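Everything numeric in this text was worked out from a predicted model, so none of it was measured. Hydrogens, waters and symmetry mates play no part in the numbers below; they use all other heavy atoms, side chains included.
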Amino acid sequence: MNMPEDYSLGHCVAKDMRMSAGIAMYFKSIYKRVGELMDQRQNVGSVAYLQENNRFIYYLITKELSKQKPTYSNLTAAITKLRDLIVEHGVKKLAIPRIGCGLDKLDWLTVRGIIEDLFQNVGCSIKVCHFTNNMSLESQMLKIQHPTVVRRYENIKNIGKREFEKLNIILFSRKTTSPVYWDQHFHSVNEKYCFKSQYYKDYQGDLEIGQCLYYSKKIANIFVIITNTNTTDNFSYQNLEKGLVKIKMLIKNDKWQPTFIIHRMNNHIFEDLINEKILSLICSAFLDLTPCLILQLVSNKS
């Protein structure tokens, strides 16, 4: 992380972009913009990246989920894509950790051979960095507590709260204009908390992507994040990330450890891993509110 700025950087992540442990956690805390990475929609064996002035930050996607382990085949594919981007971007210096060999437990001599083979004659100097020569100690150093996620197969009307607590319900609207965006999740929340009339009034004005609508009820806060201009657009993780920042500002003075409620979305309608990515973003956005609880409500159709 302390390399001169003429070095671009690279490390491994999962497609869900959780980055909750290992050196990936440090990349996330320093460079942020996780929603931007997600919106690139790269698959396993490819690379997402950010640009900071003249420096590129490369995220090698070597597995689907953070809890999984990568294969040499997927790592090789990602390194190949990294090489192609290095050439395309004109990068002459690259710093990486021992990719795939910390928490992912691949063999460094094997991985090093793959890198040396693929980067022959590319004209890029690669520096391998690490915190300590002790792999197990390095793994222990790179851990941090994240929000607790609990999946519940219940309707929101059956979800209770602790005394003096207000629940924080997060919904996603995928339109900025009328007719108003409304789905089964909005309907179930409205049945219990009756926010529809206020919500419809807000749609009489001009709404913006990334905006967060806020409805305070006696026992719950309802937040509606505007993620898209039209329902035909891809779900925007960048706009979701902007809305989550606004939620954190709205509840910053709450005295209780917060509980957040979201609904699991239908993967058949949206993309694979959308729910995992949403959870990753929420966990990242609310990291400094930990310990906090995220309840993911699942319907039979999800």
Side-chain angles (χ1 to χ4, degrees), residues 1-31 34 37 40 42-52 54-144 146 273 276 280:
M1 293 301 180
N2 297 322
M3 295 300 295
E5 290 191 4
D6 59 341
Y7 275 85
S8 288
L9 308 176
H11 70 115
C12 292
V13 295
K15 187 178 176 180
D16 65 12
M17 292 289 173
R18 183 63 60 93
M19 292 187 276
S20 60
I23 195 170
M25 181 185 68
Y26 282 85
F27 274 83
K28 180 175 69 173
S29 65
I30 293 171
Y31 298 107
V34 179
L37 292 168
Q40 293 176 33
Q42 297 295 338
N43 290 315
V44 174
S46 193
V47 179
Y49 66 89
L50 301 174
Q51 186 170 1
E52 293 270 332
N54 293 323
R55 166 184 272 181
F56 290 90
I57 317 299
Y58 297 107
Y59 297 73
L60 288 74
I61 304 172
T62 59
K63 53 190 179 182
E64 288 271 327
L65 302 173
S66 296
K67 63 184 180 181
Q68 298 173 337
K69 300 297 181 187
T71 64
Y72 287 107
S73 175
N74 288 337
L75 180 65
T76 301
I79 295 173
T80 302
K81 180 62 178 179
L82 173 65
R83 178 201 62 194
D84 296 343
L85 288 171
I86 290 290
V87 173
E88 178 183 337
H89 295 154
V91 171
K92 299 302 179 184
K93 294 181 179 180
L94 176 69
I96 57 173
R98 293 168 289 194
I99 53 176
C101 302
L103 297 176
D104 283 336
K105 300 190 180 301
L106 296 181
D107 176 68
W108 171 239
L109 290 179
T110 302
V111 174
R112 178 176 175 173
I114 295 170
I115 295 171
E116 291 175 344
D117 181 57
L118 289 172
F119 273 82
Q120 289 185 65
N121 305 317
V122 169
C124 176
S125 173
I126 299 177
K127 187 174 184 65
V128 178
C129 309
H130 49 84
F131 289 100
T132 171
N133 289 320
N134 187 316
M135 283 288 194
S136 61
L137 179 60
E138 183 173 311
S139 298
Q140 294 171 10
M141 291 170 61
L142 300 177
K143 290 183 178 179
I144 193 170
H146 278 65
L273 297 189
E276 288 76 12
S280 293

Just jot down the salt bridge (charged side-chain N to carboxylate O under 4.0 Å, His left out) partners of [X], sequence neighbours excluded, or say none.
X	result
Lys28	none
Glu116	Arg112
Lys81	none

May I ask you to test the [X]-[Y] pair for a side-chain heavy-atom distance under 4.5 Å?
X	Y	value
Leu273	Leu65	yes
Leu94	Leu82	yes
Leu9	Arg55	yes
Arg83	Glu88	no
Ile115	Ile96	yes

Taking only residues two or more places apart in sequence, or in another chain, which ones meet Asn43 in a side chain to side chain donor-acceptor pair (under 3.5 Å)?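 Result, side chain to side chain donor-acceptor pair (under 3.5 Å) vs Asn43: Lys15.
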List the residues meeting side chain to side chain donor-acceptor pair (under 3.5 Å) with Tyr59, not counting sequence neighbours, and say none if there are none.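 For Tyr59 there are no side chain to side chain donor-acceptor pair (under 3.5 Å) partners, ignoring immediate neighbours.
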Heavy-atom count around Asp107 CG within 6.0 Å, excluding the residue itself: above 12?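 Above 12, so yes.
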Look up atom [atom1] in [X] and atom [atom2] in [Y], then write down how far apart they are to the nearest 0.5 Å.
X	Y	atom1	atom2	value
Met3	Ser8	CE	OG	11.0 Å
Ile23	Cys12	CD1	SG	10.5 Å
Ile114	Thr76	CD1	OG1	3.5 Å
Ser280	Arg18	OG	CZ	4.0 Å

Those residues that, when tested against Lys63, pass side chain to side chain contact (heavy atoms under 4.5 Å, CB included) (two or more places apart):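 Counting only residues at least two positions away or on another chain, Lys63 forms a side chain to side chain contact (heavy atoms under 4.5 Å, CB included) with Ala14, Gln68, Pro70, Asp104.
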Give a yes or no answer on whether the side chain of Lys69 reaches the backbone of Leu103 with a donor-acceptor pair at less than 3.5 Å.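 Answer holds: yes.
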Is there a donor-acceptor pair under 3.5 Å between the side chain of Ser46 and the backbone N or O of Gln42?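 Between the backbone of Gln42 and the side chain of Ser46 there is no qualifying donor-acceptor contact (under 3.5 Å).
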Centroid separation under 6.0 Å, is that true for the rings of His89 and Tyr49?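 Yes.
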How are the rings of Phe56 and Tyr58 set to each other: parallel, tilted or perpendicular (split at 30° and 60°)?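 Judged by the thresholds at 30° and 60°, the geometry between Phe56 and Tyr58 is parallel.
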Could you check whether Asn74 and Thr62, counting side-chain N and O atoms only, form a donor-acceptor pair closer than 3.5 Å?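 Thr62 vs Asn74: no donor-acceptor pair found between side chains.
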